[in-house]
Amino acid sequence: MLGTGVAGCAAALAAAREGMEVTLVTRATSAEESNTLYAQGGIVGRPPGDSPEALAADIEKAGAGLCEPDAVLRLATEGPDLVQKLFVEEMGIPFDKENGTFHWTLEGGHTVPRILHVKDETGRPIEQAMLAACRAEKNIEWRTSTTAVDLLTPDHDSVDPIDRYRPAAVVGAYLLDRSGEVAPLRAAETILATGGLGQVYLHTTNPPGARGDGIAMAKRVGARLLNLEYVQFHPTALVHAKGRLLLTEALRGEGARILDVAGREFLSAAHPAAELAPRDVVARAIHRHMLERDDPFVLLDISFKPTAWIKERFPTLFHRCLELGFDLTAGPVPVVPAAHYACGGIAVDADGRSSIGHLRAAGEVSCSGVHGANRLASTSLLEGLVWGWRAGKAAAAEVRRPGRREPPPVRPWQPEREPVDPALIAQDWTVIRHTMWNYVGLSRSQKRLDRAGRILVELRAEIEDFYRRGTMSDALLGLRNGVRTALAIRRAASDNRVSRGSHFRDDSLA
């Protein structure tokens with residue numbers, strides 16, 4: 001199990017409760033560190049009067065006609081029930097209440113308030129509860145500060161050359177541990193839950209580990225990738241000296257306004273729902289407004305709400321902004337769009353199964369078909385939970401299947417010891433991020449995409465050259481995976497000439 005966010009933990013928990021021996025792997029020093037930990041807004045539940053059909057309709061509308069109907073209905077039916085059973089009844093996650101009942105909040109694209117939340121840091125208590133549940137299972141082994149190098153396949157890594165004739169499959173992964181050594185870990189089933197890819201962009205709300213590692217590893221073994229051109233840009237990331245801080249969509253759900261630097265409203269011209277329009281509409285409208293006026297940012301304002309209410313509803317965000325020099329209660333704050341969520345990824349079925357045998361994926365690294373061309377707010381944690389749970393149970397069933405072949409012995413890793421200059425890694429990341437932001441960002445054209453392709457192909461060749469000779473490190477692996485993921489996004493965006501959802505093309509652009 002590669003990844004310890006909601007999808008990885010759900011898969012591990014489900015498999016362990018089926019009696020499987022599970023190894024949970026994360027490159028972070030703490031298992032808590034994941035995209036899930038930083039999720040602010042909430043998770044979709046089922047309030048009184050709501051229905052799976054109503055939720056499915058909202059998901060499909062946000063997905064711009066590209067959602068897979070069976071996957072959407074599966075999420076809308078199973079998801080809220082699993083939230084109730086696992087998060088509410090078993091784990092007791094303290095979702096906010098009002099007058100003794102859950103406080104259901106509204107977010108963009110939803111027709112009814114159906115979002116459960118814990119103040120403005122919903123991901124943190126979910127992550128902590130999931131980790132606690134996993135730690136209570138005696139047959140889950142933990143490996144922190146451990147980075148997956150590549151997936152193991154019989155045709156490439158088996159000591160038996162005849163295994164090259166077997167169907168394409170994954171039998172584990174090479175892992176880099178904290179000592180710098182690489183060793184194979186064989187597995188009957190491998191589940192990728194490695195999170196997102198936002199770090200390939202200049203502006204992103206994602207944590208440092210969201211480098212597209214799982215996408216790159218899956219691509220190298222030939223797994224089918226799907227919908228990678230649909231990268232969702234969050235409309236409101238706080239502009240500050242140290243980077244970008246996600247300002248949750250729940251702010252706009254609670255009435256926050258977006259204004260230009262002159263204090264004027266402009267979103268209603270782009271969509272009748274204004275601030276509550278789907279994210280891609282809001283993000284592009286902000287981006288276009290900034291370009292037309294050569295403004296470095298726009299403004300988000302919730303300061304008209306009572307100060308005590310802001311501090312109570314958004315305590316974490318209030319204090320985090322204060323630490324960065326901004327007071328949400330005192331006036332508007334500067335924001336820009338930022339890469340936030342990958343709607344595409346490794347193509348999977350209802351049980352997380354990829355196109356490669358014994359390789360599954362769940363969460364943001366995967367593409368179940370739920371999100372289509374644009375993800376509906378607060379459905380990411382829900383999808384990670386549902387597909388992680390299903391993948392874990394299905395993997396356990398596959399391991400118990402009569403006649404299953406054991407993973408073959410594989411070759412040991414052959415290390416190289418040439419030092420890698422960290423300045424080269426930093427510079428190459430700069431090139432990747434600027435190239436992706438300028439040419440494969442909110443607005444794309446064939447000329448921009450072609451230029452991105454030329455830059456990234458040349459860069460990949462250089463990176464692969466010193467990867468083959470260099471001393472192995474997490475930083476080197478991240479760079480290798482980052483350029484591979486960037487190229488995969490660029491290729492998907494170039495192949496798709498139809499603007500839809502979060503993929504917007506304007507081929508009149510230079």
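When reading the values below, keep in mind they use all heavy atoms of this one structure, side chains included, and skip hydrogens, waters and symmetry mates.
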| task | Would you please test Asp474 and Thr147 for side-chain hydrogen bond (donor to acceptor under 3.5 Å, both in side chains) and show each step? | result | CA-CA 6 Å; Asp474 174 76; Thr147 303; 2.8 Å; yes
| When rounded to the nearest 0.5 angstrom, what is the spacing between CG in Asn227 and NE2 in His371? | 10.5 Å
| message | Would you say that more than 12 heavy atoms from the other residues, nucleotides or ligands in this model lie under 6.0 Å from the NZ of Lys305, or not? | response | yes
| query | How long is the span from the CG atom in Leu359 to the CZ atom in Arg353, to the nearest 0.5 Å? | reply | 11.5 Å
| Gap separating the CD1 atom of Ile489 from the CD1 atom of Ile215, nearest 0.5 angstrom | 8.0 Å
| message | Show the nearest heavy-atom pair for residues Gly196 and Asn35, with the distance to one decimal. | response | N-ND2, 3.4 Å
| request: Looking only at non-hydrogen atoms, find the nearest pair between Ala187 and Thr190 and report the distance. | output: CB-OG1, 3.9 Å
| message | Quick test of your reading of the model: are Glu127 and Arg124 salt-bridged, counting only N-O distances below 4.0 Å? | response | no
| Any side-chain heavy-atom pair of Val298 and Val335 under 4.5 Å | yes
| remark: Nearest heavy-atom approach of Ile346 to Gly214 is CD1-O, 3.8 Å
| query | Between CD of Gln40 and CG of Asp120, what distance do you get to the nearest 0.5 Å? | reply | 6.0 Å
| Quick one: does Ser303's side chain get under 4.5 Å of Thr329's, heavy atoms only? | no
| Backbone N/O of Arg46 and side chain of Asp50: donor-acceptor pair under 3.5 Å | no
| said: If the threshold is 4.0 Å, N to carboxylate O, is there a salt bridge linking Arg135 and Glu137? | reply: no
| message | Checking the side chain of Thr146 only, and the main-chain atoms of Arg27 only, is there a donor and an acceptor separated by less than 3.5 Å? | response | no
| request: Work out which heavy atom in Val22 is nearest to a heavy atom in Ala15; give both atom names and the distance. | output: CG2-CB, 3.9 Å
| said: If I take atom CZ from residue Arg500 and atom CG from residue Asn374, how far apart are they, to the nearest 0.5 angstrom? | reply: 12.0 Å
| Which pair of non-hydrogen atoms, one from Ala10 and one from Leu385, has the smallest distance, and what is that distance? | CB-O, 3.8 Å
| query | Between Arg252 and Pro235, what is the shortest heavy-atom contact and its length? | reply | NH2-CG, 3.6 Å
| Glu265-Ser268 side chain donor-acceptor pair, cut-off 3.5 Å | yes
| Going through the checks in order, is the side-chain contact (heavy atoms from CB on, under 4.5 Å) test met by Tyr439 and His434? | CA-CA 8 Å; Tyr439 303 143; His434 280 271; over 6 Å; no
| field | Glu90 atom CD, over 12 foreign heavy atoms within 6.0 Å | value | yes
| Cation-aromatic face contact Arg433/Trp429, 6.0 Å, 45 degrees | yes
| query | Under 4.5 Å between any side-chain heavy atoms of Arg257 and Leu300, yes or no? | reply | no
| query | Would Glu78 and Arg390 count as a salt bridge (Lys or Arg N to Asp or Glu O under 4.0 Å) if you check the C-alpha gap in whole Å, the side-chain angles of each, and the deciding distance to 0.1 Å? | reply | CA-CA 10 Å; Glu78 297 180 14; Arg390 292 183 66 95; 2.8 Å; yes
| task | Answer yes if the ring centres of Phe95 and His103 are under 6.0 angstrom apart, and no otherwise. | result | no
| message | Is the shortest side-chain heavy-atom distance between Val333 and Leu247 below 4.5 Å? | response | yes
| Taking the side chain as C-beta and beyond, is there a heavy-atom pair between Leu116 and Trp104 under 4.5 Å? | yes
| note | Rounding to 0.5 Å, atoms CG (Asp58) and CZ (Arg114) come to a distance of 4.5 Å
| query | Within a strict 4.5 Å, meaning less than it, do heavy atoms of the Asp96 and Lys119 side chains meet? | reply | yes
| said: Whether the side chain of Thr248 engages the backbone of Leu251 through a donor-acceptor N/O pair (distance < 3.5 Å, no angle test) should be reported. | reply: no
| field | Distance-only side-chain donor-acceptor flag, Ser378 / Glu107, under 3.5 Å | value | yes
| task | Could you verify whether a donor N or O on one side chain and an acceptor N or O on the other, from Glu33 and Tyr38, lie under 3.5 Å apart? | result | yes
| field | Under 3.5 Å side-chain donor-acceptor pair for His289 and Asp295 | value | no
| query | Are Glu364 and Ser380 close enough that a side-chain donor and a side-chain acceptor fall under 3.5 Å? | reply | no
| Flag, side chain of Thr379 to backbone of Ala377, donor-acceptor distance under 3.5 Å | no
| said: Can you confirm whether or not the ring centre of Tyr201 sits under 6.0 Å from the ring centre of Phe233? | reply: yes
| Given His110 and Val44, is the side-chain contact (heavy atoms from CB on, under 4.5 Å) satisfied, shown in steps? | CA-CA 10 Å; His110 290 270; Val44 169; 3.8 Å; yes
| request: Could you point out which residue of Leu75, Leu381, Val83, Thr77 forms a side chain to side chain contact (heavy atoms under 4.5 Å, CB included) with Val386? | output: Leu75
| message | Keeping Arg244 on the side-chain end and Thr205 on the backbone end, is there a donor-acceptor pair under 3.5 Å? | response | no
| said: Apply side-chain contact (heavy atoms from CB on, under 4.5 Å) to residues Glu32 and Leu131 and explain how you reach the verdict. | reply: CA-CA 7 Å; Glu32 264 194 3; Leu131 288 173; 3.6 Å; yes
| query | Taking side chain as C-beta onward, heavy atoms only, is Gln199 less than 4.5 Å from Thr204? | reply | yes
| query | Would Tyr341 and Ser502 count as a side-chain contact (heavy atoms from CB on, under 4.5 Å) if you check the C-alpha gap in whole Å, the side-chain angles of each, and the deciding distance to 0.1 Å? | reply | CA-CA 10 Å; Tyr341 190 87; Ser502 53; over 6 Å; no
| message | Using side-chain heavy atoms (C-beta onward) and a distance below 4.5 Å, is Glu383 in contact with Ser368? | response | yes
| message | Between His340 and Gln232, do the side chains contain a donor N or O and an acceptor N or O under 3.5 Å apart? | response | no
| task | Taking atom types as modelled, find out whether Ser443 and Arg505 have a side-chain donor-acceptor pair closer than 3.5 angstrom. | result | no
| message | Please check this pair: side chain of Glu18 against backbone of Met20, looking for a donor-acceptor N/O pair closer than 3.5 Å. | response | no
